Student: 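Here it is: the structure, laid out below.
Every chain is numbered from 1, with letters handed out A, B, ... down the list of sequences. These numbers were taken from a predicted model, which means no experiment stands behind them.
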Amino acid sequence: MAGQNRNQTDALDRLNDRSNPRPRIAVHKFSSCDGCQLAFINAGEALLELAQLVDIVHFAEAGPMDPEAAVDLAFVEGSISTPDEAERIRKVRASSRYLVSLGACATSGGLQALRNFNDDGAKGWTEAIYAQPAFIDSLDTATPVAEHVKVDLELWGCPVNARQVFQALRQLLFGVAPVVDKDKLCVECKRQQHVCVLVAKGEPCMGPVTHTGCGALCPAFGRDCYACFGPAENPNTAALARRFEGLGLMPEAVARRFHFINSHAPAFRSEWLAWKQGS
Amino acid sequence: MSENREIRIEVPVLARVEGEGALELSASGGQIETLRLRIFEPPRYFEKFLEGRGHQEVLDVVARICGICPVAYQMTAVQALEQAFGVQASPWVIRMRRLMYCGEWLQSHALHIHLLALPDFLGFESGIAMAARHPEAVRRGLRLQRLGNDLIRLFGGRSVHPVGMRVGGFHRAPDPERAATLLEEMRAALPDAEDLVAFTASLDLPQDDQDFTSVSLRHESEYPLYSGRIVSDRGLDLAVEDYPKHFQESHVAHSTALYAHLDGEPYLVGPLARLNLNHDRLSPPARAALDATGLQLPSRNMFHSVIARAVEIHEVVLEAIRLLESYRPEEPAHVPVTVGAGTGFGATEAPRGLLWHRYELDAAGKVRSAQIVPPTSQNQARIEDDLKRSLEAFGLHNDDDALRLRGETVIRNYDPCISCATHFLKVRIQRR
């Protein structure tokens, strides 16, 4: 933990050491749905304001195009799923002072990391979908950015939201380390005074082990959280899984709750394995 | 400039599209010999993730195919799942789905017109750069985009990967006070939407008529969004489940997106195809604003797709006002669902065009197999066809930068959602 803080400080020092007060930023895309970049593109006036505060030197979907430019701050969306991407992320890291992984794909591998657990890798799936599998150049796994290069700040969420991204960005522009709330979703849900869907309705809600940040949307709709923001800090996944079994879920269904949007995140991966083997 | 010199241009990334693509062409003696739109979207294997998943999981999975049109994927899947289970959604649910879908069209079209397409026609690198010179046009676009996102949020909690839909209806009906606030905002936005139609029609758009087949849904009384039969302007008229009888997907070496053909030929889906086939279904005010532009329909000029998008923005703002005016919550917001084995089909009009799904479910209601045909793979063959013809019409004597910009502009007419892809557009031109 101390080491992690130390690393964060080093990265922040590098960011604050820049010669130009106006930071240069880049938004890079890897394997993803483009949904996390929309935190910027959907920001409306805030996007125009941001363009006054920083130089956006690379952001393909928004227009600026200079993927190899040296930048102070890089936001990376998407997981690493092709040989080309594995090479490209190293270049992005080398040219960025501070690197932020933006959303579930970049931070945990995302939904497409489900391929990582297929018995014969992605190959069997390629053969099932594509008539000519030899044309497809894809890695067997879709992995988080941090498995390839050092990440200075992780922003969880499928998708991340504008508040989360702009809060971190604002703190970085002030030169301080961003504070990320790693609490469980339940805390936010209680604060909003929603009826607990786990206790009151017996739904297999993932809130007790899920990273806060979405605004407790699913419980607000009366449905169970499906953990799109990934595991919270120190999640007691084993206790929650046993509770799901107590609600009447078959072991296979318990396993599937952890084997979804953030299947590659260690806390969820181990719980999935425990129940998959038991099923 | 010589048309015969050998030259090679590489643009590392195609800007202002959703996803990664590349364009390669070789030309000789002023004629294009080969032209390929390459799509590098890393395969994400959605159809395989869906196998073994329950029905609520399906809606949460398919949303993640595309961050810009998640509602389209959820709407199409929910239709197919309900058909497979023999569930009939209530008329209220169908109206509310149409209303929510209006939000997605509004945000997606406003984003495309203002941040992706307009910089081409006004001569800027990006919408952000354009904002300094055309602040009002950009702000109008951002207002419309936000309003579309707010409408999705009303039903789904968030505009990207919303959480409110379920088989049988919605998890919860929107709060009437929030719906009333949104109604006021929609009414206030109506002048923006009307102005946008006239504004796009006043742009100095290239004239380049081409022969192509338009395909879209057609509804008995409404402008097509959530449902209809599949029709073309060459006499095709199909029930949704008969799509595979005439449309085939194939795989080529240079693309991770499958190509779809209609009886072996390229075809167009999306706003211009929809408008060509359904302009008689527009509401009277949208029709009047369109008529005032003097645009002749059907149009054979793909550059008119920016006008078609504006007309559709106007139509969905009007439609959202109409549906919000009569809004009453209904609880529960869904009909009961009994799962069972079956096969179901869904087809809706995503912002970028026809989206088709098929699911086969087992007795426990879990997915046995899934097939998804997104709009961009349907347009891929047409885009290549268009590029070849429009670049020749533009003239290969133009310098490489001008050719590249024209090529990119042509591609952006289709608003390709390659994310449903990734984004390396390398333009490689070889002149021999």
Student: What is the distance from atom SG of C218(A) to atom CG of D60(B), rounded to the nearest 0.5 Å?
Tutor: 7.0 Å
Student: How far apart are the closest heavy atoms of P64(A) and E125(B), and which atoms are they?
Tutor: CA-OE2, 3.7 Å
Student: Under 4.5 Å, counting heavy-atom pairs only, tell me which of S79(A), C214(A), A253(A), G44(A) racks up the most with chain B.
Tutor: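 Going by pairs under 4.5 Å, I would pick G44(A).
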Student: Mind listing the closest non-hydrogen atom pair of C33(A) and H161(B) along with its distance?
Tutor: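 Smallest heavy-atom distance, with atoms named: SG-NE2, 3.4 Å.
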Student: Could you tell me which portion of C36(A) (side chain, backbone, both or neither) has an atom closer than 4.5 angstrom to a non-hydrogen atom of chain B?
Tutor: neither
Student: How many angstroms lie between atom CG of L48(A) and atom CD1 of I128(B), to the nearest 0.5 angstrom?
Tutor: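 Between L48(A) CG and I128(B) CD1, I get 7.0 Å after rounding to 0.5 Å.
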Student: Provide the closest heavy-atom pair for Y226(A) versus R64(B) in the form atom of the first, atom of the second, distance.
Tutor: OH-NH1, 3.0 Å
Student: Among G156(B), G52(B), G141(B), which has the most heavy-atom pairs under 4.5 Å with chain A?
Tutor: G156(B)
Student: Indicate the atoms forming the closest heavy-atom contact of R256(A) with G54(B), along with that distance.
Tutor: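 Scanning both residues completely, I find the closest heavy atoms to be NH2-N, 3.8 Å.
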Student: What's the separation between atom CD in E61(A) and atom CG in L111(B), rounded to the nearest 0.5 Å?
Tutor: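 Separation between the atoms: 6.5 Å.
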Student: Please lay out, stage by stage, how R158(B) and C228(A) fare under the test side-chain contact (heavy atoms from CB on, under 4.5 Å).
Tutor: CA-CA 13 Å; R158(B) 61 186 174 197; C228(A) 67; 3.3 Å; yes
Student: So which residue, G222(A), G78(A), A220(A), A51(A), ends up with the most heavy-atom pairs under 4.5 Å with chain B?
Tutor: A220(A)
Student: Given heavy-atom pairs under 4.5 angstrom as the criterion, report whether the side chain, backbone, both or neither of L111(A) touches chain B.
Tutor: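 L111(A) touches chain B through backbone and side-chain heavy atoms alike.
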Student: Could you tell me whether the side chain of R223(A) and the main chain of V163(B) form a donor-acceptor pair under 3.5 Å?
Tutor: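 Yes: the side chain of R223(A) pairs with the backbone of V163(B).
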Student: Hey, does the side chain of Q145(B) reach the backbone of I41(A) with a donor-acceptor pair shorter than 3.5 angstrom?
Tutor: yes
Student: Can you tell me if CZ on R163(A) sees more than 12 non-hydrogen neighbours from other groups inside 6.0 Å?
Tutor: no
Student: Do NZ/NE/NH1/NH2 and the carboxylate oxygens of E57(B) and R257(A) come within less than 4.0 Å?
Tutor: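 Not counted as a salt bridge, because no side-chain N and carboxylate O are separated by less than 4.0 Å.
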Student: Among the options L50(A), I56(A), L217(A), I261(A), pick out the one with the most heavy-atom pairs lying under 4.5 Å from chain B.
Tutor: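 Highest number of pairs under 4.5 Å: L217(A).
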Student: Looking only at heavy atoms, which two atoms of R53(B) and F260(A) are closest? And how far apart?
Tutor: NH1-CD1, 3.4 Å
Student: Measure distances from F221(A) to the heavy atoms of chain B and classify the residue's part below 4.5 Å as side chain, backbone, both or neither.
Tutor: both
Student: Of all of R166(B), Q371(B), R172(B), which one pairs up most often with chain A through heavy atoms under 4.5 Å apart?
Tutor: R172(B)
Student: When you check the gap from the basic side-chain N to the acidic O, do R146(B) and E45(A) get nearer than 4.0 Å?
Tutor: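 No salt bridge links R146(B) with E45(A).
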Student: Between atom CG of N42(A) and atom OG of S159(B), what is the distance when rounded to the nearest 0.5 Å?
Tutor: 5.0 Å
Student: Taking side chain as everything from C-beta outward and backbone as N, CA, C, O, which of these in L38(A) sits under 4.5 Å from a heavy atom of chain B? Side chain, backbone, both or neither.
Tutor: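 The answer is the side chain of L38(A).
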